[in-house]
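Each chain gets a letter, A, B and so on, in the order its sequence line appears, and its residues count up from 1. Fair warning: this is a prediction, and the values are worked out from it, not measured in the lab.
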Amino acid sequence: MRAIEAFEPPPPSKVNYINAQYGLKSWLLTKDHKRIALLYLGSITFFFFIGGLYALMIRLELLTPQGDLLQSTTYNKVFTQHGIIMIFFFLIPSIPATLGNFLVPMMIGAKDLAFPRVNLLSWYIYMLGGVITIYALLAGGVDTGWTFYTPFSTTFSNSYVVATGLGIFVNGFSSILTGLNFIVTIHTMRAPGMTWFRLPLFIWSHYATSLIMILGTPVVAITILLLAFERVARVGIFDPALGGDPILFQHLFWFYSHPAVYIMVLPSMGVVSELIANFSRKNIFGYKFVAFSSLAIAVFGFLVWGHHLFVTSQSVYAGMIFSFLSFAVAIPSAIKVFNWTATLFKSSISYDTPMLYALGFIGLFTIGGMTGLFLASLATDVHLSDTYFVVAHFHYIMVGGALMGYLGGLHYWWPKISGRMYPEGWGRFAALVIFVGFNLTFLPQFVAGYLGMPRRYHAYPPEFQVFNVLSTAGASILGFGMLIPAIYLVWSMRYGKHAEANPWHLPGLEWRTQSPPPTENFEHTPIVDWEAYEFAPPEEMEVVGRFRRELETA
Amino acid sequence: MSEHIVPVKVYITIFLVLLAGTLLTVLAAFHDFTYHLGSRTFALNTPIALAIAVTKATFVVLYFMHVRYSTRLVWVIVTSALFWLVILFALTFADYWTRGWFSIGW
Amino acid sequence: MQSWIPLVPESASTVSSKVDAIYFYLSGVTLFFTLLISAILVFFVVRYRRRSPYEIPRPIAGSHKLETLWTIIPFVIAMTIFGWSARVYFEQYRPPQNAMEVYVVGKQWMWKIQHSTGQREINELHVPVGRKIKLIMTTEDVIHDFFVPAFRMKADVVPGKYTTEWFEATKTGTYHLFCAEYCGMNHSGMIGQVIVMEPREFDNWLTGNLSNTTPAVAGQQLFQSLGCVSCHGANGEGGRGPTLAGLYGKQTRLAGGETVVADESYLRESILNPQAKLVEGFGPIMPTFQGQVSEDQVMQLLAFIKSLQVTNPQQSAPAASPTSTRATTQATPRPNPK
Amino acid sequence: MIESPAATEHIQAHPALQHHFENMEQQREAGTLGMWVFLVTEIMFFGGMFLAYTLYRSKFPADFASASNHLDITLGAVNTGVLILSSFTMATAVWSTQVGKRQTQILCLVLTLLLGLTFLGIKAVEYYDKYEDALVPGQLIPGRPFGPEVAQEGDHDRHKLHLLPGATVEHVQMFYWIYFAMTGMHALHMVIGAGLITFLIIFSVKGRYDPEYHSPVEVIGLYWHFVDIIWIFLFPLLYLLGRHFEH
Ligand code: HEA
Ligand code: HEA
Ligand code: CUA
Ligand SMILES: [Cu+2]
């Protein structure tokens, strides 16, 4: 037997975290981070499909230039709710609360997160926020755009702004608690030998993400709370009728919401680092640079929010500062892209589904990020701001990037999570469909945007129809593509091939325990004496062998 | 790493310092510290009040909250919180202060 | 409409080609990096595909040289974009002084436009080609955004203050005017046209749309009816309040000792919230006019105060056209007392 | 530094050791760190309001000064003292737990709770005064919209709003909006803190805490001191900064 199989831990015992206890109560009161991850997985998938349904409504409406399918008020609610659900209830919790929750303790060799009860609480808070928001949507919806700009949201909109705001406010605390838990866990609960520079890059990116969560989220929480109160009490510090300044709202909102875009993409970058390294059996090129670039993004990310205010009468000089810093924040992202690419040099690449998503991520994120530079560049942003170019930019990053990374990670860890393999052929097929559908949906929007098509338009001049038809066609393919994994992943939970403990033959800690893992993750606290991504060549296998012997004798 | 037990005497001292600070800041508030130096005006009431508040807060943080005896990590956390607060203020005011610098044009 | 699908909108202002140039540069950079990375990826993926399930490649730690290289190169490229773009941005937002001024008030969901010669339009803006046009904009309700793709210009209009936008059209024609900031129900219906005409045609248009009161004249009437005259004098020569003639565009010394430029926003604030910035040497006796004057009226007062400039023949006439002579009869320009 | 007596072996584990921690030291460290990280989020939470305050105070100095001068400085100062004293008793409670003095510990916690409630009581009196003077902004309270009586020249009724030259009632309302938002948030934190301390009291009566295990006392202490610090800033900013204009 070749050495690579030496990574194999002992055959799985029957008891794992899924079947350790039975009954609804055992799930609803669980303190196991893995079960909480599954709770989250279920809920965010639910919200994703709601958001996706709204997306399809948007695309159907925009098929023709006239606003014929939906009324303008309905359309405004549809895109607002699409944005709110996708951002606050899907993308922000997506990777951290599911994959992160599941893997952060396992990857560092801990039995659980530092505060298991807080972790469960965060899920309940998330659900409470979700229920309030869903209530708001059912009661009549909200039409302010996901950005809630004042004074429209405080004074002029007559939709359910307060209830929605409350939902988001509540939801924010779940994000804060998750971030807090991760930071404390990563600081205090690493297994012996797991030094900072042995951490998988997934952990580094989650650490950076958590920083943003705890530093940014409170600001948007108080902002939304003030907004809601102002609406109820008809007073305001954001209302110009009282000497207030609507631009202050935008500053406070984007102080969080720009960093929040890195909450959305950093975890995905962490996943991609894992995928690239593991499916090419190569340690990440420039590990420290990739690790520190995550922190750099988290810190610099807080300095650039003003690039959303270039045309909103923000001072021209502040605009220049923010533009400069926005270009600076692009550099750490560039470093990551180049290091991932370099990792593949002289590696051994397999074409498994997760790897396809990872490669897709790199390409699409590059396009999304580079088009971010069009917007960070002042003169072009004056033209492009609030056009479909912006819409295309952020979907390239958030769907083409973050969502792809999430799907890749979900497939990659699916055997660990569910104990079953997903069907590889279907997986590759779906990845391809999604890739094609995605590009067809959003590439035309760049052109429509530069031609001047404003966003949040329910009806538009006929000359933009070509692009919209292409986009809607793409969205249909994309929607179809999204359904495939939803179906086969559910299917595989019952009928999939049983997964081995280490189906990909990898060195990471999470693979050194059975699939699915036992409740306490490891039978014994592991002692780490290898570097991250150490795919030892055959002649250096003693280390690996020693580990295996340890597991066996234990 | 282990914890440090602060003697009660220290707490009493800090308590008295804080009370004194409160008294001082109230007294200072009624005095007008606006000075004119040539054509420039220095309104010092706010800086003085803030300086006292910062001093008081520092004492609470260092002694009541034991930061003086804590790990580097806690220091880092405290300073980084302040750092981010500074970012929030500095960059927002970077906008407000430079508004209308050239609105008349050329 | 053209039969082919355009990639770039019509370019009809002096800045539009400059913006396009940056856009092309950025597109080039983007294409270059995207293709570069994709090409490398494809090459590696094919070249280094896994040939045996047991193969383990040699680890490579990294390279500081390469890291430095791919930190510095993107940074330098990014800075070229930044510098270039910032310069054009400055130009886009810094209004020229000898421009023809047009007042714009946004309102859910229409654009109310008034020329300084008095003509009013709704959702349409007629301008002559080859002249600098400065829009002085505000809104009665929520934030809107005046966006003309063909000019590559947009600026939000924000309640409670003035924003400005300027352009010089280079081509006659009819161009889209969009509201580019979401403003509620009929946001997508808040659209209109900018009609750029030959100066001669424009003059004809002006005469064809004669209006009896210019904003400045209306402003003068307001100045009387609101009682401003009692403190500032019939022609802004001053009295209990400071002199207003020649104020616009000048530095004003405030009570605190600092100085501000008396631009549109300052004048607006002085009328609506006079206490916020007191002029040196005057008490806080001016009452606030908040709630008593509409945005339109504030603009008219503004037009009047501006018309009290020291005479400068090139500047005071709103348009070099026969009709514009009417505008100069508004009020006797006062010499600047300072 | 005193080495913690906490054993590193699982066998003789302390009953309060949670299953996923290796030892008490790790558990305590995690608890303290967690609270500090939480306090960071609190700083940012209040930071947003401080930003709004700073901005508008610099924009409307006279209005803010007039509004601020209407606040009751005596009650504010007394409350500051009360809060500082409660911080002191809290610190002493932590100390007595560390050294194992159960009686002192319970006494100090009870005192802290009482002082916290005193603070809230005084705050309620102040709020009621403002309500009486119709200074609650907007229509926050139905049927009693913002509408203070403005004092005329020579009028010294302290229930009337004394506007400094240049101030307008509208911007006074903005001050009160910020005032209620900030002190309200602060009071909410006090209420939560009082609840937490009640828990501490119940458990310390039961004898849960000892020199080896007192992380909850310490952590809630941190929270309590933090709430105190917020007030240390609120007091001068809201109550004091306009006083010298009166003379
Ligand atoms: C996950 C989400 C995400 C991410 C990661 C980003 C990343 C970036 N974004 Fe994006 N953005 C959004 C989501 C995101 N954005 C959203 C949702 C909006 C709209 C909000 C709304 O109004 O509704 C928005 C809007 C937005 C605007 C405002 C547009 C407007 O409304 O006028 C701007 C302006 O600067 C901007 C810039 C950037 C930049 C510079 C980056 C950078 O971080 C990108 C860095 C990455 C790269 C640059 C690619 C990799 C680098 C290379 C391959 C090397 C080559 C590099 C160089 C030569 C420099 N974005
Ligand atoms: C994570 C974030 C995220 C994600 C994943 C998406 C996904 C998609 N988005 Fe969205 N989008 C935003 C975030 C996101 N979006 C934001 C923030 C805005 C701005 C809002 C604002 O302006 O305020 C926006 C706005 C926005 C617009 C602009 C609207 C406007 O300005 O007028 C458009 C238009 O095409 C669009 C399209 C799409 C499409 C086609 C997808 C597709 O990728 C979706 C693909 C998924 C599916 C299609 C799901 C599959 C489901 C089914 C097939 C149905 C089955 C359903 C059930 C059984 C219940 N989005
Ligand atoms: Cu007006 Cu959008
Ligand atoms: Cu941004």
Side-chain angles (χ1 to χ4, degrees), chain A residues 2 4 72-73 145 149 151-152 156-157 240 246 281-283 285-286 289 311-313 316 320 323-324 327 330-331 334-335 337-338 341 344-350 359 362-363 366-367 370 373-374 377-380 382-383 385-386 447 450-452 454 456-459 461 463 466 535 537, chain C residues 1 5 7-9 19 22-23 26 30 33-34 37-38 40-41 44-45 48-50 54-60 62 67 70-71 74-75 78 81-82 85-86 88-90 92-93 141-143 145 147 149 152-156 158-160 163 176 178 180-188:
Chain A
R2 292 295 298 261
I4 182 116
S72 64
T73 40
Y149 275 11
F152 181 69
F156 290 86
S157 165
R281 295 206 180 140
K282 197 81 186 284
N283 61 324
F285 192 88
F289 288 89
V311 300
T312 61
S313 80
V316 168
M320 288 183 188
S323 169
F324 170 79
F327 280 106
I331 304 306
I335 291 177
V337 169
F338 292 127
T341 312
L344 297 180
F345 180 63
K346 290 199 172 169
S347 65
S348 164
I349 300 166
S350 79
L359 295 171
I362 299 183
T366 302
I367 299 179
M370 296 294 299
L373 300 183
F374 287 65
S377 139
L378 291 155
T380 37
V382 170
H383 177 61
S385 181
D386 275 315
V447 184
Y450 197 68
L451 286 175
R456 296 167 170 177
Y457 261 30
H458 153 256
E463 71 242 39
V466 199
F535 300 87
Chain C
M1 265 212 306
I5 301 171
L7 293 179
V8 173
V19 173
I22 304 176
Y23 180 74
L26 269 160
T30 303
F33 277 102
T34 311
I37 286 165
S38 314
I40 298 178
L41 280 184
F44 283 175
V45 164
Y48 302 115
R49 67 186 177 277
R50 187 168 301 164
Y54 299 115
E55 139 188 299
I56 296 185
R58 270 204 172 276
I60 302 173
E67 303 285 352
W70 62 49
T71 306
F75 186 75
I81 307 169
F82 165 70
S85 199
V88 177
Y89 181 65
F90 208 73
Q92 278 168 310
Y93 273 131
D141 36 54
V142 303
I143 305 179
D145 187 296
F147 176 31
R152 311 289 186 275
M153 250 334 271
K154 74 158 64 76
D156 278 9
V158 182
T163 54
H176 281 301
F178 293 128
E181 181 62 64
Y182 175 66
C183 53
M185 185 175 83
N186 211 7
H187 164 58
S188 58

* Structure fact -> Counting heavy-atom pairs under 4.5 Å with chain A, the top scorer among C:Thr30, C:Ile22, C:Ile81 is C:Thr30

* Asked: Which answer fits A:Ile335, side chain, backbone, both or neither, if we ask what part of it has an atom under 4.5 Å from a heavy atom of chain C?
  -> both

* Give a yes or no on whether the ring-centroid distance for C:Phe147 and C:His176 is below 6.0 angstrom. => no

* **Contacting moiety of A:Phe156, where chain C heavy atoms sit under 4.5 Å** => side chain

* Return the option, out of C:Pro159, C:Pro74, C:Cys183, C:Gly160, with the maximum number of heavy-atom pairs under 4.5 Å with chain A. => C:Pro159

* Heavy-atom closest contact (C:Val45 atom, A:Ile349 atom, distance) -> CA-CD1, 3.7 Å

* Asked: What option among C:Gly184, C:Ala155, C:Ser38 has the most heavy-atom pairs under 4.5 Å with chain A?
  -> C:Gly184

* By a 4.5 Å heavy-atom criterion (distance strictly below it), what part of A:Tyr450 contacts chain C: side chain, backbone, both, or neither? -> both

* To do: In sequence, state the C-alpha distance, the side-chain angles, and the governing distance for C:Arg50 and A:Ser348, and then conclude on side chain to side chain donor-acceptor pair (under 3.5 Å).
  => CA-CA 5 Å; C:Arg50 187 168 301 164; A:Ser348 164; 3.0 Å; yes

* Apply side-chain contact (heavy atoms from CB on, under 4.5 Å) to the pair C:Tyr93 and A:Val311, showing each step before the final yes or no. => CA-CA 9 Å; C:Tyr93 273 131; A:Val311 300; 3.5 Å; yes

* How about C:Tyr23 and A:Phe374: are their ring centroids closer than 6.0 Å? -> yes

* To do: For A:Lys346 and C:Pro57, work out which heavy atoms get closest and say how close.
  => O-CB, 3.3 Å

* Calculate, to the nearest 0.5 Å, the distance between atoms OG and CD belonging to C:Ser85 and C:Gln92 respectively. => 7.5 Å

* Structure fact -> In this structure, CZ of C:Phe178 is separated from OG of C:Ser188 (nearest 0.5 Å) by 10.5 Å

* Flag the one option from C:Pro9, C:Ala86, C:Pro149 with the top tally of heavy-atom pairs under 4.5 Å to chain A. => C:Pro9

* To do: Verify ring-ring contact (aromatic ring centres under 6.0 Å, His included) between A:Tyr149 and C:Tyr182, making sure each step is shown before the conclusion.
  => CA-CA 9 Å; A:Tyr149 275 11; C:Tyr182 175 66; 9.7 Å; no

* Is chain C contacted by the side chain of A:Thr341, its backbone, both, or neither, given a heavy-atom distance below 4.5 Å? -> both

* Asked: Picking from A:Thr366, A:Val382, A:Asp386, which has the most non-hydrogen pairs under 4.5 angstrom with chain C?
  -> A:Val382

* Structure fact -> dist A:Leu373:CG -> A:Ser323:OG (nearest 0.5 Å) comes out at 9.5 Å

* Under a 4.5 Å heavy-atom cut-off, does chain C meet the side chain of A:Phe338, its backbone, both or neither? -> both

* Can you say whether C:Thr71 sits under 4.5 Å from chain A via the side chain, the backbone, both, or neither, judging by heavy atoms? -> both

* To do: Output the option from C:Lys154, C:Glu181, C:Arg49 having the highest count of non-hydrogen pairs under 4.5 Å with chain A.
  => C:Lys154

* Structure fact -> Looking only at A:Ser350, A:Ser157, A:Pro246, the option with the highest number of non-hydrogen pairs under 4.5 Å against chain C is A:Ser350

* Asked: Can A:Thr380 and C:Leu26 be said to form a side-chain contact (heavy atoms from CB on, under 4.5 Å), step by step?
  -> CA-CA 9 Å; A:Thr380 37; C:Leu26 269 160; 3.9 Å; yes

* Any idea which of C:Ile40, C:Ile60, C:Leu41 has the most non-hydrogen atom pairs under 4.5 angstrom with chain A? -> C:Ile60

* **Top of A:Ala459, A:Ala334, A:Ser377 for chain C proximity - count of heavy-atom pairs under 4.5 angstrom** => A:Ser377

* Structure fact -> Looking only at A:Ala379, A:Ala330, A:Pro240, the option with the highest number of non-hydrogen pairs under 4.5 Å against chain C is A:Ala379

* Asked: Can you say whether C:Phe75 sits under 4.5 Å from chain A via the side chain, the backbone, both, or neither, judging by heavy atoms?
  -> both

* Portion of C:Val19 that has a non-hydrogen atom of chain A nearer than 4.5 angstrom -> both

* Asked: Which atoms form the tightest heavy-atom contact between C:Phe82 and A:Phe324, and what is the distance?
  -> CE1-N, 3.5 Å

* Structure fact -> Greatest number of non-hydrogen atom pairs under 4.5 angstrom with chain C, of A:Thr73, A:Thr312, A:Leu359, falls to A:Thr312

